Structure formats: C-alpha cells, structure tokens
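Notes to accompany the following structure.
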Amino acid sequence: MGTKVNRKVLKTLAYAATGALGLGAYTYYKSQNSVLQAAPKPANWLTELPSREAQVESLSTTPEFDILIIGGGATGAGCAVDAASRGLKTALVEKYDFSSGTSSRSTKLIHGGVRYLQKAIMQFDIEQYRMVKEALTERANLINIAPHLSYPFPIMLPVYKLWQIPYFWVGIKAYDVVAGRQLLKPSYFISKNTALELFPMLKKESLVGAIVYYDGQHNDARMNISLAMTAARLGANVANHVAVTELVHEEDEKGQKKVIGAKCVDKYTGKEFSVKAKAIINATGPYTDTIRKMDNEKIPNICQPSSGVHIVLPDYYSPQNMGLLDPSTSDGRVIFFLPWQKHTMAGTTDTPCALTDYPTPAEDDVNFIINEIKNYLNNDVQVRRGDILSAWSGIRPLVSDPNKADTQSLARNHIVHVSDSKLITIAGGKWTTYRHMAEETIDAAIEACGLKPKNECITKGLFLEGGHNWTPTSYIRLAQDFGIETEVAIHLSNTYGDQADKVAELSSLTGKRWPVVGVRLHQEFPYIDAEVKYAVKEYARSAVDVIARRTRMSFLNVLAADEALPKIVEIMASELKWSKQKQQEELEHAKEFLKREMGLNLKYQMKTTVPINFSKEEISTYIKRFRSLDKSNKGYITHKDLRAFFKKYKDEEGFFGFRKASSRESQEEIPEDELHLLITEVDTNKNGLIELDEFLQLMSALKTGAIGQSRFSKASSIKNKINTTRSGGGV
C-alpha cells in the first residue's frame with residue numbers, strides 16, 4: 001500500500017512541477033521571443049541562378065577571389081553564404097556534390113545535444129555547456145530562416161523506473177532553461193497511458209511515464225543545397241564536382257610561404273584550371289587533414305573520423321509526429337527512433353573508422369541498432385531484419401582529444417586554425433552550429449588575410465533559398481494552379497519553399513483527368529519528373545545527385561531508388577545531352593552507390609547467408625511451388641517460364657497487380673522490365689535464372705524475417721489469389 005501511495009505522490013509532484021515550470025518557461029518564451037526575426041532578401045540577390053557552366057567558367061577566368069572555400073558541405077556552404085553576404089568575392093568548390101558526405105547522413109535533428117548538457121553538468125564541463133548554449137541559439141535561427149525545411153519536433157523519453165522521473169525531468173528542464181529566449185516549446189511529463197496513446201508501439205511493461213521535449217528536425221541534404229543556392233544568389237561562384245588537386249603557394253617579401261590558390265579539375269568535363277584567392281578556407285569535414293597536408297605534409301592530424309550508421313524502417317514502426325530517445329543503450333550510447341519523410345529512422349552508432357570516399361554501413365552496427373530498438377517496442381511489434389529499407393554510414397569529423405579514450409566522449413566542438421601559410425581550417429562542429437562556425441571562420445580569414453568586407457556578418461536572420469515567401473499553406477496554391485496531387489504539392493512546397501512553382505512549371509502532363517501534371521518517378525514516393533529537370537538547374541550532374549540529395553529516395557528505400565533509376569537517367573540524358581554510353585555509365589555508377597553506400601549489398605548478404613532450415617513437409621511444399629513454375633523440370637526458372645505462368649493464371653485485374661505491356665500486340669503479357677525485377681529479386685548469382693537453391697534461400701529468408709516482403713514469393717503463389725503489391729522489400 002505504501003509503495004502505491006509513494007508512486008502516486010511522485011507522479012502528482014512530477015505533474016505539478018512540470019506544469020508550473022513549463023508554464024513559466026512558456027510565458028517567458030512568449031514574452032521574449034522577439035529575437036531572430038528573419039530578414040528580407042539582400043539587394044544583391046540574383047533573380048536567376050547562373051548555370052553550372054557559367055559558374056565553372058567564372059571560376060577558371062576570374063583573376064583573383066577574396067575567398068576560396070574548399071568543401072561544399074554544411075560548413076563550407078555556410079561559409080560561402082557568410083562571405084558573399086559581406087560583399088566578399090567568393091568561390092566554393094566541392095569534389096563531389098553539395099552535401100554528398102557527412103552533411104546528408106546526419107540524424108536529421110537540429111539540436112543542442114541533451115547528452116552533452118548531461119556531461120556538462122555531471123563533469124562541470126564549461127566547454128560542453130557553451131557548445132549546448134550556442135547550438136540551442138542556432139537551432140532557433142535555422143528554423144526561422146528555413147521554415148519550409150525545418151520545424152520544432154517532439155521527442156519522447158520513456159521512463160521505466162520511478163526514481164528516474166525526477167532525474168530525467170530535471171535534466172530536460174535544464175535543457176529548456178539553457179535555451180532561454182530561444183526555447184521552441186516547453187517540455188512536459190506525461191503518464192503511462194498518455195505515453196502509450198502518443199506512441200502505441202512503446203513497450204508497456206514497467207513503463208511509469210515519459211517526458212516529452214522539443215528539438216528541431218530538417219531535411220539535411222536539401223538544407224545544404226539551399227545554402228549553396230543561397231550563396232549563388234548572393235553572387236558567389238559555387239561549383240560541385242570540382243576537386244582540388246594541389247594548393248598553390250608563393251613567398252612573400254619576407255620569404256614566408258603563403259597559400260594563394262588551388263589547382264582544380266572539373267570532374268564532369270575533365271577541364272583543369274587554377275583558382276587564385278587572397279584567403280583559402282579548408283572546410284572539408286573528414287578530409288580536413290588531407291587538405292592541411294597539401295599545405296604542410298609534416299603536420300599531425302587533428303581530426304578523428306567516426307562512423308555513424310542509421311537504418312530506415314517502414315512508417316508503421318513509429319507514430320507520425322513523435323520521436324523516441326533511448327538515453328542509455330547496452331553500451332552507453334544514445335539511440336534516436338524518429339519519424340522522417342513518412343518513414344522511421346533509427347540511429348546512430350559512433351565507431352572510430354578509417355577515412356573513405358565510400359562509407360559502408362557495417363552489419364554489426366545495423367544489428368546493434370535493431371537489437372536496441374527491440375528493447376523499447378512492445379511484443380506486438382516484431383522487429384524484422386528484412387523490414388530495413390535502407391542503411392547508410394556517415395563519417396563525422398570529430399576533433400581529436402588525446403586525453404580522452406573513446407570517440408563517444410568527444411564533443412562536436414569546432415576549431416578554427418590559421419596555419420603559418422595562412423590556410424584557414426574550420427574543423428569539427430555539428431550541423432546545427434554551421435552558421436556560427438562560418439561566422440568565426442570568415443572573421444578569422446578577414447583578420448589573417450587583410451580582407452575588406454563591405455559589412456559585418458548578417459547571416460543571423462538571413463532567409464535561405466525558398467524561405468522568403470513560404471507559408472504552411474503554400475501547397476494549396478500549387479495544387480489549384482497546376483493540377484498537382486495534394487501529396488505531391490505538399491512535398492514540393494516543403495522541399496523548395498517559394499521556388500516550388502518553378503519546379504511545377506517543368507512538370508509533364510500525366511494524360512489523366514487528375515492529376516493534370518506531375519508524373520511520379522516511383523509510385524511509392526511524391527517525387528516527380530520535374531524535380532529531375534530542376535535538379536539539373538541546381539547543378540546536379542549525376543544520377544546519384546538526384547536519388548540521394550535532390551530527392552531522398554536512396555536514403556528512404558534503396559530498392560525503390562534502384563527501380564526509379566532508368567527513368568531518372570532518361571530525363572537527365574535529355575536535359576544534359578548524354579550519349580548512350582554515358583547513360584549506361586550513370587546507371588552502373590548509381591547501382592554501385594546503392595549497393596555499397598545505401599545498404600543494398602546487405603540485402604543480398606542477408607538473403608544468401610540465412611541457413612536453409614525446413615522440415616521435410618516444408619521442403620516438399622516449396623519444391624512443388626518451384627516445379628509449378630519450372631514445368632520442364634530443368635532445375636531453374638527463366639523469363640519464359642514466368643511469362644507462361646502468369647498468362648495461365650491471369651486474373652480479372654490483369655496480372656495480379658502487375659503493369660500490363662503498353663504495345664497492342666503484347667497487351668496479354670507482363671512487360672519485360674516487370675519480369676526482370678522479379679527474377680533479380682531472387683537471382684543471387686546474377687546469371688539471369690532462378691535456381692532451386694536460390695528459391696529455397698528466399699523462402700528461408702522470408703521465414704526467419706531476414707527479408708520483410710517478396711514480390712516473387714507472392715507472385716509465385718497467385719493460384720491462391722495473393723495480392724502482389726510490394727510493401728518495401730528489405731535491406
């Protein structure tokens with residue numbers, strides 16, 4: 001009886017304290033929130049983006065820039081915006097695409113770092129506290145200047161021990177207090193029943209309540225591209241797919257070596273040229289030491305790369321508007337479980353790694369995330385390995401500290417360093433603080449290299465591309481004016497902001513009564529053909545640029561991205577006048593990217609490594625299913641076998657959900673590309689045939705959950721009228 005009374009008393013106190021402090025914090029927030037108002041477009045804002053060709057031409061012919069920035073991630077693009085907005089003649093080069101590295105592979109949060117604040121308090125670490133304070137200020141600014149791409153987002157911290165309620169509550173309220181005037185929304189405590197209403201998938205056993213707090217969420221790659229386009233609008237010369245091969249030095253009158261430029265190569269055209277500048281900024285993230293050693297090969301490294309793996313699951317794993325934080329995993333790390341882009345994302349790991357251009361998600365990291373997720377979901381939710389739609393690894397550029405033993409205890413602090421030759425390096429940091437990092441970097445460049453800006457930093461409150469005239473209801477005009485589906489209109493509005501109408505203008509007619517325009521790249525996503533055309537205007541020059549960053553398809557569903565590739569390459573080929581050979585090269589390069597960096601190889605590995613473990617009855621059943629397709633008992637199934645099978649069992653809908661061929665003479669057949677997709681799903685040895693052992697391997701993978709869904713499995717059971725719609729596949 002005493003325990004029950006104590007439990008009720010604790011909960012009552014928690015509710016009361018939360019309400020009181022929450023009301024006070026919210027009242028203070030509302031009374032003080034007159035800061036960080038976004039500013040109108042500067043006078044030098046370009047109404048039309050220069051073409052990529054014009055940008056490269058200007059880079060190669062301009063006698064001298066004030067600043068050359070190496071690196072087109074969040075930090076580099078942020079530096080370009082800052083420098084250009086101060087009136088400095090600015091250039092930026094990126095060896096791949098804007099946001100092709102770490103900046104597109106984040107946890108998609110704009111946050112101060114709850115765990116960093118915990119460490120700051122527990123370890124009396126003033127440096128960590130300042131980093132959190134700075135990040136919370138920048139969080140509010142970023143949400144203000146890019147309202148179409150970012151928004152306040154609630155995250156639930158479930159509590160399973162009664163004593164943890166006051167412990168976590170005090171910590172989260174401290175997070176609110178540190179935010180001060182930039183508080184997004186006050187945190188609050190909720191009961192067990194309310195927690196389960198908001199997050200029905202949550203584990204019920206021992207749950208005593210939960211605390212909900214707010215951080216920001218965004219589309220990281222699109223935000224990065226918006227930064228690059230903002231810099232271009234402000235007059236900066238920005239070019240992706242331009243690599244720096246060498247830094248150029250000269251001696252000053254005192255005999256001191258000074259960096260004055262860089263030798264570059266346009267990887268898209270092969271053109272080589274040099275760019276001269278008064279100040280060179282190294283903003284290359286994990287590649288920081290690579291550029292520094294071009295300046296001085298004898299210096300020690302200052303960056304310690306760390307791999308962070310994320311996985312993506314179907315939307316039914318989480319509610320649409322509530323994230324989850326696991327504050328203490330089995331090895332002490334933090335796991336976020338977040339709805340994002342109508343899917344569920346989980347991560348991240350934090351493992352020291354080697355520097356590579358092609359970070360690959362490791363099987364061990366993927367399994368770690370899955371096992372941790374299981375600890376927080378109820379028994380009704382079967383977490384299946386085969387439900388993973390995509391997996392990726394991002395390399396974080398952590399600033400090394402020799403006094404700390406592991407990368408988990410490294411703060412994402414940044415450093416600005418000026419070398420003896422005046423190379424300015426910005427290293428470390430985090431997505432949220434990119435603007436402040438850029439401000440400090442440009443300040444350092446001005447001081448070190450004697451630059452003369454026209455004005456002070458104005459980026460706090462400076463709208464990014466697409467944010468100026470956007471409102472939450474902008475999508476309605478898109479749907480009304482262009483005849484676009486509501487889902488597509490919302491996507492375009494929330495991706496391109498006030499530039500969405502320019503995308504819609506490029507849309508093709510659908511040939512239907514509704515929607516009038518907007519041909520989808522893939523039936524499962526709101527991405528349309530016009531976005532590929534617009535991506536080219538925003539300097540996309542490879543299929544990977546489109547599937548990974550201009551859309552987020554490869555990050556959300558690697559199989560869907562693979563299926564959309566031919567259409568994307570076809571549109572880009574028309575826009576960029578690609579030859580047949582170039583189109584094939586792009587297809588192969590993109591497929592390799594999906595296999596190596598987006599987790600498609602994990603799918604093949606899981607399917608082929610699951611042991612075949614069936615009873616005699618099951619083996620007999622599956623062999624009969626196989627032979628119903630292999631009528632001539634060859635021991636393998638061909639395209640011809642599948643075509644004959646589907647023709648025999650064609651239903652009144654056509655071919656059980658499959659698209660019919662378009663030509664008149666083949667209206668009674670399934671198109672070749674549909675058959676190819678079915679065979680590819682099972683054909684692990686890539687010989688164009690489905691052999692018995694491959695068929696049994698697939699059935700075993702489905703049985704164990706290593707694969708979530710299989711179109712081939714369902715299609716081969718169509719005698720029983722099983723629906724053949726694919727629900728996502730699996731990685």
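Heads up: numbering here begins at 1 and tracks the sequence. Computed from a prediction, not measured in an experiment: that's the story for all the values here.
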Check: Leu59 and Cys264 side chains under 4.5 Å, non-hydrogen atoms: no
Flag for Asn557-His522: side-chain donor and acceptor within less than 3.5 Å: no
From CD1 (Ile143) to CD1 (Ile110), nearest 0.5 Å: 5.0 Å
Give every donor-acceptor pair under 3.5 Å between a side-chain atom in residues 70-78 and any protein atom, sequence neighbours left out.
none

Residue pair Ile373 / Asp326, side-chain heavy-atom distance below 4.5 Å: no
Donor on one side chain, acceptor on other, Arg52 and Asn240, under 3.5 Å: yes
Heavy-atom side-chain proximity of Asp82 to Ile67 below 4.5 angstrom: no
Pairwise side-chain contact, Met223 with Leu464, heavy-atom cut-off 4.5 Å (strictly under): yes
Ser307 versus Ser393, side-chain donor and acceptor atoms under 3.5 Å: yes
Plane angle bin for Tyr175 and Tyr213 - parallel if under 30°, tilted between 30 and 60°, otherwise perpendicular: perpendicular
Heavy-atom side-chain proximity of Leu142 to Tyr434 below 4.5 angstrom: yes
Neighbour count >12 (heavy atoms, 6.0 Å) for atom NZ, Lys293: yes
Thr344 side chain vs Leu338 backbone, donor-acceptor pair below 3.5 Å: no
Student check: side-chain heavy atoms of His148 and Ser493 closer than 4.5 Å: no
Side-chain ion pair, Asp97 and Lys267, N-O less than 4.0 Å: no
Sidechain N-carboxylate O distance under 4.0 Å for Arg396, Asp350: yes
side-chain hydrogen bond (donor to acceptor under 3.5 Å, both in side chains) partner of Arg139, the single match among Asp215, Asn144, Thr433: Asp215
Test: Arg435 and Glu439 ion pair at under 4.0 Å: yes
Given His111, His218, His414, His436, the one that forms ring pair (Phe, Tyr, Trp, His ring centres under 6.0 Å) with Trp431: His218
Heavy-atom closest contact (Asp220 atom, Ser106 atom, distance): OD2-OG, 2.7 Å
Neighbour count above 12 (heavy atom, 6.0 Å) for Arg596 CZ: yes
Arg292 with Asp295: basic N within carboxylate O range, under 4.0 Å: no
Plane angle bin for Tyr527 and Phe525 - parallel if under 30°, tilted between 30 and 60°, otherwise perpendicular: parallel
Salt bridge present between Lys430 and Glu138 (N-O < 4.0 angstrom): no
Phe555 six-ring face occupied by Lys108 cation (under 6.0 Å, within 45°): yes
Test item: Asn237 side-chain N/O and Ala91 main-chain N/O as donor-acceptor pair under 3.5 Å: no
Contact check, side chains of Trp340 and Gln217, non-hydrogen atoms, under 4.5 Å: yes
Heavy-atom side-chain proximity of Glu465 to Tyr496 below 4.5 angstrom: no
Tyr358 and Glu592 side chains, donor-acceptor separation under 3.5 Å: no
